[in-house]
Amino acid sequence: MILPGTASVLPCPRIPGDATARASRRPTAQRDLTCEAEVIQTFASGFYLAVDDPGPHAPPHRWMLPIMGPEAMVLPFGVVVPTLDSTHLRSLQTGTRASVVWEPPPARPQSSHPRTAAHGSQPTEPPVIREIELPDFTVDVVREHRPMRVPALRWPDIDRARVTELSRRLHPGSPDLADRSLALASALCTGDAAGAQAGVKALVGFGTGSTPSGDDALCGIALGLRCLGKDRDVDLLRQVLDPMPLATMTPVISGALIRAAVSGFCVPAVAAAIRTCHRLHASTSGGESLVGDVLEPLDRIGHSSGHDLFTGFLSVLTTASGTRAPHSPLRSVTESSSKGSSPCLVH
């Protein structure tokens, strides 16, 4: 059974320090390589593969490759398979063996390639995925796709009352997430490099789950800066993040989402919420309806990931408006109950 899929142009996150990587590769054609892989996690809407690196690296390492079905939240990296369903997923379990056929990428200047731009100082990148072979089905990658990217928008004067209203309606997974986010956003806005470094460290890995609350908020801050066209602030954030070994400081997927967000990439639901937030600030009426429209896609992202991310995004709007939004009346929840171990998938 062959299922067509599309692969993102962004690289998959590297799994650091994986002593089990065998670097097994065998030529299948003049220019192709087949590498061993195995299922490391399955979900109702997709699964993750750990794929041996096809390059001549020592020691060998692995890449985490998300395979996303039609109900999955589309991550900026990985393979989307529209016809993947529960029948296929039931044939998989942790440890199921697979193989991935790679095609070397065409030669091009590294600095201009979107793979490099999205991941800053990432040391290596895999070539193009052509085929994923599993025991009961094969994914045939028919083309590459570009993930969603948030553009710089022309914002009107930011309505402080509407920022406050949105803040009050958010339910982030950690009670002090807004304070941590505002501290980083303020440091970036003022060009305070030391404050920015401290602010990033206060957020990376903060919380529990496959995408901790602090990481989600950091993504929101990066997207907010890009959306407002604050290139200088984005550059400062990148300078702080580039030397950090995020893959050892926080879950692999989460660290990769942070680096993608710094380059403006995000999941479609977040892009929709940001566009609606922009409309909210540009409108003179219908505010309450648009507030609900901002929140609706966020409610569908993880346990609290959408609200955590937008807590970071609103901290940028708050800083840009020159005022500090009051604390939102947060739910009394523990981090473990609000942030589970599930990834950024709808299930």
Side-chain angles (χ1 to χ4, degrees), residues 2-29 31-43 45-69 72 74-81 84 88-89 91-105 113-116 118-119 122-145 147 210 246-248 251-257 259-260 343-345:
I2 298 178
L3 309 180
T6 67
S8 171
V9 298
L10 296 188
C12 306
R14 177 180 171 181
I15 302 175
D18 192 339
T20 65
R22 287 167 290 281
S24 171
R25 34 191 186 268
R26 57 186 185 276
T28 58
R31 300 179 65 246
D32 298 345
L33 293 172
T34 297
C35 295
E36 293 186 8
E38 67 176 320
V39 175
I40 56 175
Q41 204 166 1
T42 62
F43 312 97
S45 50
F47 60 98
Y48 289 163
L49 283 176
V51 185
D52 291 354
D53 192 285
H57 305 113
H61 56 254
R62 284 176 148 184
W63 299 90
M64 180 180 285
L65 176 61
I67 312 296
M68 297 163 281
V74 180
L75 301 175
F77 36 79
V79 175
V80 177
V81 185
L84 184 71
H88 309 118
L89 294 171
S91 70
L92 305 177
Q93 59 184 356
T94 301
T96 296
R97 302 300 302 167
S99 61
V100 174
V101 179
W102 305 91
E103 177 185 355
H113 197 285
R115 297 171 187 267
T116 303
H119 279 246
Q122 184 157 322
T124 57
E125 61 182 66
V128 178
I129 301 168
R130 293 189 60 227
E131 189 175 84
I132 303 164
E133 301 174 358
L134 293 128
D136 292 336
F137 62 93
T138 295
V139 176
D140 181 25
V141 177
V142 296
R143 63 179 176 85
E144 288 189 302
H145 70 264
S210 58
L246 293 182
T248 61
V252 171
I253 286 289
S254 194
L257 287 170
R259 294 204 186 278
C344 196
L345 297 173

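Side-chain contact between Pro76 and Leu10: present, with at least one pair of heavy atoms (C-beta onward) separated by less than 4.5 Å. His88 places a side-chain heavy atom less than 4.5 Å from the side chain of Leu3. Residues Thr34 and Val100 fail the side-chain proximity criterion, which asks for heavy atoms closer than 4.5 Å. The closest side-chain heavy-atom distance from Ile40 to Leu49 is not below 4.5 Å. Side chains of Leu89 and Leu84 form a contact here, defined as non-hydrogen atoms less than 4.5 Å apart. Here the side chains of Val139 and Val79 are in contact, with some heavy-atom distance below 4.5 Å.
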Practice task
Could you check Trp102 against Val51 for side-chain contact (heavy atoms from CB on, under 4.5 Å), going step by step and ending with a plain yes or no?
Solution key: CA-CA 11 Å; Trp102 305 91; Val51 185; 3.3 Å; yes
Practice task
Apply salt bridge (Lys or Arg N to Asp or Glu O under 4.0 Å) to Glu38 and Arg62, showing your working.
Solution key: CA-CA 10 Å; Glu38 67 176 320; Arg62 284 176 148 184; 3.0 Å; yes
Handout entry: Worked verdict on Val81 versus Phe137 for side-chain contact (heavy atoms from CB on, under 4.5 Å)
Key = CA-CA 12 Å; Val81 185; Phe137 62 93; over 6 Å; no
Handout entry: Pair Ser8-Glu144, side-chain contact (heavy atoms from CB on, under 4.5 Å): steps then yes or no
Key = CA-CA 5 Å; Ser8 171; Glu144 288 189 302; over 6 Å; no
Exercise for the section: Please test Thr96 against Phe47 for side-chain contact (heavy atoms from CB on, under 4.5 Å), starting from the C-alpha separation and ending with a verdict. Expected result: CA-CA 11 Å; Thr96 296; Phe47 60 98; over 6 Å; no
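For the atom pair SG of Cys12 and CG of Leu75, the computed distance is 10.0 Å after rounding to the nearest 0.5 Å.
In this model, a donor atom of one side chain and an acceptor atom of the other lie less than 3.5 Å apart for Glu133 and Ser99.
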